[in-house]
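A quick write-up on the structure given underneath.
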There are 2 protein chains.
Amino acid sequence: MTSVSARVPARQQSIRASNLALAYRLVLDAPTPVSRAALAAATGMTRATAGALADALLAAGLVEEVAPPPASTAGRPATGLVPASAGWVGLGLEVNVDHLAACVVDLTGAVRHEVTLDGDQRGRKPGPVLADLAELANRVTEDLAAPSSPEAGPGTGLRIAGAAVAVPGLVRANGGRVLRAPNLGWQDVDVLAELTPRLPETPALAAVGNEADYAALAELAADRGLRDFLYVSGEIGVGAGIVFDRRLFTGSRGWAGEIGHVTVEPGGDACRCGARGCLETVAGLDALRAPAPDAASRAGRGLGRAIAAAVNLYDLDTVVLGGAYAQRADLEEFVRAALTEHVVSARWAPVAVRRSRLGGTAAAVGAATSVVHRIHADPAAWEARD
Amino acid sequence: MTSVSARVPARQQSIRASNLALAYRLVLDAPTPVSRAALAAATGMTRATAGALADALLAAGLVEEVAPPPASTAGRPATGLVPASAGWVGLGLEVNVDHLAACVVDLTGAVRHEVTLDGDQRGRKPGPVLADLAELANRVTEDLAAPSSPEAGPGTGLRIAGAAVAVPGLVRANGGRVLRAPNLGWQDVDVLAELTPRLPETPALAAVGNEADYAALAELAADRGLRDFLYVSGEIGVGAGIVFDRRLFTGSRGWAGEIGHVTVEPGGDACRCGARGCLETVAGLDALRAPAPDAASRAGRGLGRAIAAAVNLYDLDTVVLGGAYAQRADLEEFVRAALTEHVVSARWAPVAVRRSRLGGTAAAVGAATSVVHRIHADPAAWEARD
DNA sequence: CTCCATAAGTTCATTGGCAATACAAATACC
DNA sequence: GGTATTTGTATTGCCAATGAACTTATGGAG
């Protein structure tokens with residue numbers, strides 16, 4: 001998920017690909033339909049060029065034309081362009097401690113279909129879990145193929161562009177291999193290899209990623225105002241996704257955001273990881289549910305210190321609390337207080353804190369969104385595939 | 001220092017600029033002289049294109065041709081290209097607590113000239129300090145202009161491309177304004193506005209940045225093997241520079257890497273910033289020099305926890321200890337132990353820890369290097385300026 | 001109701017940069 | 001000295017963007 005400056009020269013088609021992505025980005029980000037002329041004006045391209053790129057996006061099925069609004073000014077009315085609501089969609093899958101989920105997100109970012117299967121996955125072997133997940137995924141793709149399914153909505157003909165799988169654990173970047181998912185009891189599981197043969201309807205393009213990272217992407221898609229933020233997911237384990245410049249920051253190996261093992265109580269309780277005083281030992285669900293009377297304040301303060309460390313180190317302006325934290329207004333207050341106290345830049349630029357408004361399947365939605373993002377980022381690659 | 005995806009369309013000249021930078025990068029990174037044919041082979045460009053770009057770099061004075069090596073194989077011997085040792089250079093300036101420094105770095109990354117002025121700057125007003133710094137800078141530029149100065153070396157005719165100033169404090173990105181430099185006693189100082197009129201020989205291109213960030217750049221330039229690392233500078237304050245994918249990561253506002261105020265002893269000593277238990281209170285120079293018998297171990301453990309937090313959050317593979325820490329082998333051991341204990345990924349990928357081998361003016365060198373990096377990154381912008 | 005101003009969108013010749021190919025130059029090996 | 005081999009250069013064609021002219025579609029003035 002990290003851009004690597006390729007040692008490949010730019011050719012004429014690179015500039016076209018770049019401009020096509022630029023034009024698409026404007027259509028995607030605009031709150032209202034965009035005309036070809038507006039595209040040209042916003043970018044500095046000529047209307048001729050903007051028109052040609054718009055036609056290419058139309059031909060690829062990535063945008064749609066909408067009827068011009070009632071003309072209020074002189075001149076020929078503009079035909080608007082909006083992201084296509086039919087055509088390519090992303091498939092998002094999620095393995096979590098207490099449920100499995102599959103969902104489909106279209107190019108507009110809308111969730112078109114979602115299926116969850118509740119059930120404790122702890123202690124189950126990866127094989128059966130992934131078999132269940134594949135069945136869920138195939139049910140979703142079959143629903144999409146059904147001629148007049150209610151989920152498909154007005155624009156039928158949704159085609160899966162690719163899939164991504166969210167897992168609560170450490171994933172090797174570019175590998176599709178889960179190194180360690182302690183709360184599932186998994187160790188070194190090749191999710192891609194297990195899953196791919198069981199998903200006949202889904203093209204090869206697939207990725208495996210951390211649950212918190214994908215949930216952060218879902219949050220980004222849901223709130224246009226977000227740009228640089230920390231998403232903290234509180235479950236049995238505590239993970240974080242960092243979004244910088246509207247892109248996921250996963251580190252070179254995909255292991256960034258391991259906030260759960262930041263030390264918040266030196267010499268504190270022993271953690272599963274072998275160290276002492278990790279955030280997880282005071283603010284993981286097991287600790288939060290403990291009968292100790294000060295569990296919540298202890299968790300809140302620890303969480304606040306860890307988040308303040310992340311904000312100090314990354315220079316972020318917003319923190320979103322997700323997972324189980326989304327229900328805990330008390331923790332939010334502790335975090336807000338800790339940021340005011342510990343973040344150096346807070347006096348110039350206060351850090352916003354809020355709880356996620358997304359449901360329990362944010363990671364699945366984010367995984368699907370990540371697939372859609374690939375199309376958004378490089379529409380030229382999707383021109384021929386129709 | 002952060003790349004912002006500009007909403008500017010790619011033109012034909014963009015592709016040339018991109019390819020020129022690609023060719024230059026290869027020349028810069030190669031351990032031995034590079035031929036035009038090797039350039040073509042490495043990138044996939046045709047020899048014609050590579051040759052044209054090489055000629056452009058030569059004409060701009062950014063590379064030099066060297067005599068072909070004694071031919072060992074059949075075929076026409078290749079004329080090698082190396083980064084130019086004459087021509088454009090970067091000017092780096094540094095304000096620090098106990099010294100001022102100015103230095104010049106050429107396109108090969110070599111330090112061509114360096115001047116320091118020792119003296120306690122604490123409590124002095126910004127005006128006089130910056131006047132002294134400007135005088136230092138002007139002495140350096142005059143030395144360069146002198147026909148046969150020993151510093152200029154064989155390739156005289158060094159021209160200042162721009163300047164950058166390192167300051168131990170919080171700097172607003174793109175502003176040139178120092179918000180707060182507690183150890184200098186500065187608050188809201190417009191360094192660029194103060195300095196620019198006093199530097200008649202230096203072009204307008206100038207930047208102001210954090211001392212630790214620039215020191216990290218110097219470290220990067222000195223060690224080809226570095227790619228993603230944390231540089232921690234221990235002085236009165238404790239700062240960090242983060243380099244990710246060989247680029248400085250400063251956050252969107254330039255305030256990333258504020259490790260000095262990560263909480264390492266909850267409820268600990270009061271810090272200048274108003275909080276308690278900040279890293280600075282246990283591992284800043286004042287604490288290290290304190291007579292307490294456990295000062296070093298306490299500092300080492302606190303430093304280790306803070307660095308482990310940064311490594312967990314950023315997914316880095318190397319830590320460089322700089323500033324006063326560069327002399328402290330004892331601290332290095334504490335940090336190494338803490339990383340082994342607290343970093344989740346350490347069992348798959350151990351984190352390397354080492355002390356900086358650069359001297360006390362690393363920040364000045366890094367500042368000059370940052371100017372050189374601008375030329376390296378966009379050689380096309382420097383074609384006409386001759 | 002007609003004409004004109006205005007804005008959107010399209011067509012076509014021109015321009016800049018790279019690819020492909022052919023060609024010239026310089027060396028090792030037989 | 002001739003041939004193979006590699007480097008470097010010149011020529012032609014292609015692609016995508018530019019700029020200007022042209023067509024289309026609307027509101028408003030007379």
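Quick note on labels: first sequence line is chain A, next is B, and so on, each numbered from 1.
- The side-chain heavy atoms of A/Leu316 and A/Phe229, taken from C-beta on, include no pair separated by under 4.5 Å.
- Taking atom CG of residue A/Leu57 and atom C1' of nucleotide C/dG9, one finds them 16 Å apart after rounding to whole Å.
- Between A/Thr73 and A/Ile15, the residue anchored closer to the 5' end of DNA chain D is A/Ile15, taking for each the nucleotide with the nearest heavy atom.
- Atoms CG (A/Leu20) and C1' (D/dC15) sit 15 Å apart, rounded to a whole Å.
- For A/Arg47 and D/dA16, the CZ to P distance is 22 Å, given to the nearest whole Å.
- Contact annotation for A/Thr49: base contact, defined as any heavy-atom pair under 4.0 Å involving a base atom.
- B/Arg16 contributes no side-chain N or O that forms a donor-acceptor pair with the base of C/dG17 under 3.5 Å.
- Of all heavy-atom pairs spanning A/Thr250 and B/Asp315, the tightest one is O-OD2, 3.9 Å.
- Taking only distance into account, the side chain of B/Arg76 never meets the base of D/dG8 through a donor-acceptor pair shorter than 3.5 Å.
- Annotation: side-chain hydrogen bond (donor to acceptor under 3.5 Å, both in side chains) contacts of A/Arg172 (sequence neighbours excluded): none.
- For A/Leu53 and C/dG9, the CG to P distance is 14 Å, given to the nearest whole Å.
- Using a 4.0 Å cut-off between charged nitrogen and carboxylate oxygen, A/Asp317 and A/Arg227 do not count as a salt-bridge pair.
- Residue B/Arg36 contributes atom CZ, which lies 19 Å from atom P of D/dT6 at whole-angstrom precision.
- A/Ala48 comes within 4.0 angstrom of a base, heavy atoms only.
- Computed from coordinates, the A/Met45 CE to C/dT10 C1' distance equals 16 Å when rounded to whole Å.
- Atom CD in A/Gln12 sits about 14 Å away from atom P in D/dT18, given to the nearest Å.
- Proximity of B/Thr79 to the phosphate of D/dT7: no side-chain N or O atom is located under 4.0 Å from OP1 or OP2.
- Contact of the B/Leu57 side chain with the B/Leu20 side chain is registered, since non-hydrogen atoms from C-beta on lie closer than 4.5 Å.
- Here D/dT18 is the nucleotide among D/dT26, D/dT18, C/dA8 with the atom lying nearest to any side-chain atom of A/Thr46.
- For the pair A/Leu39 CG and C/dG9 P, the interatomic distance rounds to 10 Å; values are reported in whole Å.
- A donor and an acceptor atom never sit less than 3.5 Å apart when one is taken from the side chain of B/Gln13 and the other from the base of C/dG16.
- Closest contact between the side chain of A/Ala78 and the listed nucleotides D/dT7, D/dT26, C/dA8 involves C/dA8.
- Residue A/Arg11 is in sugar-phosphate contact alone, with no base atom involved, counting any heavy-atom pair closer than 4.0 Å across all strands shown.
- Residue B/Asn19 places no side-chain N or O under 4.0 Å from the OP1 or OP2 atom of C/dG17.
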